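It should be emphasised that the depicted structure is a prediction, and the values quoted were computed from it without experimental measurement. Numbering of ligands and ligand atoms starts at 1, following listing order. Scope of the values below: all heavy atoms of this structure, side chains included, with no hydrogens, waters or symmetry mates.
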Amino acid sequence: MKHRRIYLDNNATTPLHPEVKNEMVEAMEMFGNPSSMHAYGREARANVEHARRIVASFIGAHEDELVFVGSGSEANNTVLSLFACASNLCIPGFKARQTIVTTRIEHPCVLETSQCLAHRGTTVRLLDVDRYGRVDMDQLKEFLTDDVGLVSVMTANNEIGTVQDIAAISRMAHEAGALMHTDAVQAFGKLPLHVDDLGVDFLTMSAHKIYGPKGIGALYVRKGTPYCPFIRGGHQEKGRRAGTENTLGIMGLAKAVEMRAAEMEDEAVRLAGMKEVLRKGIEERIDDVLFNGHPEHNMPNTLNVSFPGAEGEAILLYLDLEGIAVSTGSACASGSLDPSHVLLATGSDAERAHGSIRISMGRETTMEDIEYVLDVLPGVISKIRSMSTAYIKGGEHAAAE
Ligand SMILES: *Cc1c(COP(=O)(O)O)cnc(C)c1O
């Protein structure tokens with residue numbers, strides 16, 4: 001019997017949608033540079049601009065407001081770094097207010113860029129979140145002084161799935177004269193997003209979280225918003241992002257968006273149903289579990305749960321042996337075992353943060369997959385807990401390791 005393999009790490013990346021793959025395979029012969037004026041170039045240009053219209057209209061934007069970039073990370077770096085462009089080189093007359101307000105639970109590409117800017121003189125204020133991961137709105141009000149140039153708050157958190165009230169945050173940012181950015185990578189293509197309803201000036205998207213290719217993203221820039229390119233050089237993307245366009249990636253992104261537009265609504269309902277089965281099943285079959293993230297304002301595909309007394313990494317590896325792929329909040333790309341900054345920000349103690357796993361479902365996840373996880377997980381947790389001398393059932397945990 002073929003060993004069963006179940007992929008439940010869709011917030012990390014997703015498999016290519018078969019239609020996206022077909023589109024890209026067909027387009028692979030097309031090598032023209034979209035900037036060339038001959039027929040090869042014009043063909044590539046036509047495809048890039050067609051893709052731009054599809055992605056822009058999906059979020060209620062005008063095609064001129066969409067910049068294709070190399071990743072979600074690049075889009076976020078671009079927006080934050082705009083505020084370090086104090087030289088007025090790109091935007092004559094524009095002097096950015098030198099304070100950025102963001103949150104403690106952002107993706108590392110926002111947090112690390114903020115830290116870097118702070119070293120260079122930008123003031124960075126990090127918003128606290130409540131125990132469900134939602135932004136402290138009173139603190140936001142307090143932080144919004146007249147030196148704030150940008151507020152950057154992610155739409156949905158990648159680790160715990162919590163969704164913020166971006167429209168309300170945008171209103172407050174604008175009242176204070178600041179620009180508003182949201183990293184919408186996790187929400188894009190999974191929740192309905194409209195830039196005017198959200199009221200944002202910048203919005204970050206990525207293809208590989210929605211069954212598109214890796215290494216391609218898009219940044220929405222509201223018309224008239226000050227802008228400074230992050231990658232300088234050529235005139236591509238109307239001077240907003242130098243570098244020959246990733247034609248294949250751009251076409252793959254647009255195809256992925258088209259597929260999401262057709263599937264998204266039904267998928268959200270289906271995933272929310274499976275998530276509820278999973279949550280209930282875990283609660284019924286395993287003692288002493290703690291769910292992380294907001295119970296309502298949450299992504300339908302994401303379930304983050306802590307098993308005190310069981311290390312997240314151990315759970316991940318044991319599940320992997322059973323063919324189930326999940327992730328922990330704590331293991332970042334560098335392999336660091338620091339507890340998740342997101343869970344710590346929600347007030348989790350280190351043990352709860354260390355004992356967490358993230359199960360993120362996707363379009364290929366079935367109810368059978370969920371049942372298989374519910375069959376396997378209780379045994380894995382009790383095995384790990386029985387090996388852990390520090391774990392005593394009932395919440396009393398010995399201090400010594
Ligand atoms: C994945 C992710 C990113 C980074 O996107 P890449 O295209 O992989 O660079 C940024 N923010 C969030 C919330 C993400 O989940």
Side-chain angles (χ1 to χ4, degrees), residues 7-16 20 55 59 66-81 102-115 127 129 133-135 152-164 166 169 181-191 193 198 200 202-220 230-231 241 243 246 248-250 252-254 256-257 260 292-294 297-304 326-334 340-343 345 358-362:
Y7 184 74
L8 291 170
D9 198 12
N10 288 275
N11 286 9
T13 196
T14 53
L16 275 187
V20 173
V55 179
I59 56 166
L66 202 87
V67 184
F68 289 120
V69 295
S71 62
S73 298
E74 186 192 314
N76 288 344
N77 273 261
T78 302
V79 174
L80 293 170
S81 301
T102 183
T103 81
R104 295 191 185 283
I105 63 165
E106 297 299 307
H107 192 272
C109 63
V110 168
L111 286 176
E112 286 186 27
T113 305
S114 301
Q115 272 169 21
L127 289 162
V129 294
R134 281 204 128 196
V135 162
S152 178
V153 177
M154 70 203 316
T155 312
N157 184 269
N158 44 307
E159 289 186 30
I160 58 175
T162 298
V163 177
Q164 308 290 342
I166 296 299
I169 296 170
H181 166 243
T182 190
D183 171 358
V185 168
Q186 286 297 336
F188 175 62
K190 300 179 194 165
L191 301 177
L193 295 179
L198 296 171
V200 293
F202 302 103
L203 183 141
T204 293
M205 296 156 266
S206 180
H208 76 97
K209 306 278 173 80
I210 58 160
Y211 316 98
K214 292 164 182 57
I216 184 73
L219 176 64
Y220 161 77
F230 186 62
I231 311 272
R241 201 272 186 179
N246 176 358
L248 267 186
I250 290 168
L253 165 60
V257 162
R260 289 320 288 167
N292 302 306
H294 200 286
H297 301 291
N298 208 295
M299 294 301 296
N301 76 317
T302 309
L303 187 71
N304 190 306
V326 301
S327 79
T328 63
S330 53
C332 75
S334 66
S340 151
H341 69 284
V342 176
L343 290 177
R358 175 187 71 186
I359 300 170
S360 51
M361 302 176 289

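- By the 4.5 Å heavy-atom criterion applied to side chains, Thr102 and His181 are not counted as neighbours.
- Looking at Ile59 and Phe188, their side chains come closer than 4.5 Å, going by heavy atoms from C-beta outward.
- Side-chain contact between Gln186 and His107 is absent, with no heavy atoms from C-beta onward closer than 4.5 Å.
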Set out, in order, the CA-CA distance, both residues' side-chain angles and the distance that settles side-chain hydrogen bond (donor to acceptor under 3.5 Å, both in side chains) for Ser71 and Glu74, then state yes or no.
CA-CA 5 Å; Ser71 62; Glu74 186 192 314; 5.1 Å; no

Starting from the N and O atoms of ligand 1, find every protein N or O within less than 3.5 Å and list the pair with its distance.
{"from": "ligand 1", "atom 1": "7 (O)", "to": "Gly72", "atom 2": "N", "distance (Å)": "2.8"}
{"from": "ligand 1", "atom 1": "7 (O)", "to": "Ser206", "atom 2": "OG", "distance (Å)": "2.7"}
{"from": "ligand 1", "atom 1": "8 (O)", "to": "His208", "atom 2": "NE2", "distance (Å)": "2.7"}
{"from": "ligand 1", "atom 1": "9 (O)", "to": "Gly72", "atom 2": "N", "distance (Å)": "3.4"}
{"from": "ligand 1", "atom 1": "9 (O)", "to": "Ser73", "atom 2": "N", "distance (Å)": "2.9"}
{"from": "ligand 1", "atom 1": "9 (O)", "to": "Ser73", "atom 2": "OG", "distance (Å)": "2.7"}
{"from": "ligand 1", "atom 1": "11 (N)", "to": "Asp183", "atom 2": "OD1", "distance (Å)": "3.3"}
{"from": "ligand 1", "atom 1": "11 (N)", "to": "Asp183", "atom 2": "OD2", "distance (Å)": "2.6"}
{"from": "ligand 1", "atom 1": "15 (O)", "to": "Gln186", "atom 2": "NE2", "distance (Å)": "2.7"}
{"from": "ligand 1", "atom 1": "15 (O)", "to": "Lys209", "atom 2": "NZ", "distance (Å)": "2.7"}

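- A 4.5 Å side-chain heavy-atom check between Leu219 and Val79 finds at least one atom pair inside the cut-off.
- Every residue meeting the salt bridge (charged side-chain N to carboxylate O under 4.0 Å, His left out) condition with Arg260, not counting sequence neighbours, appears here in chain and number order: Glu263.
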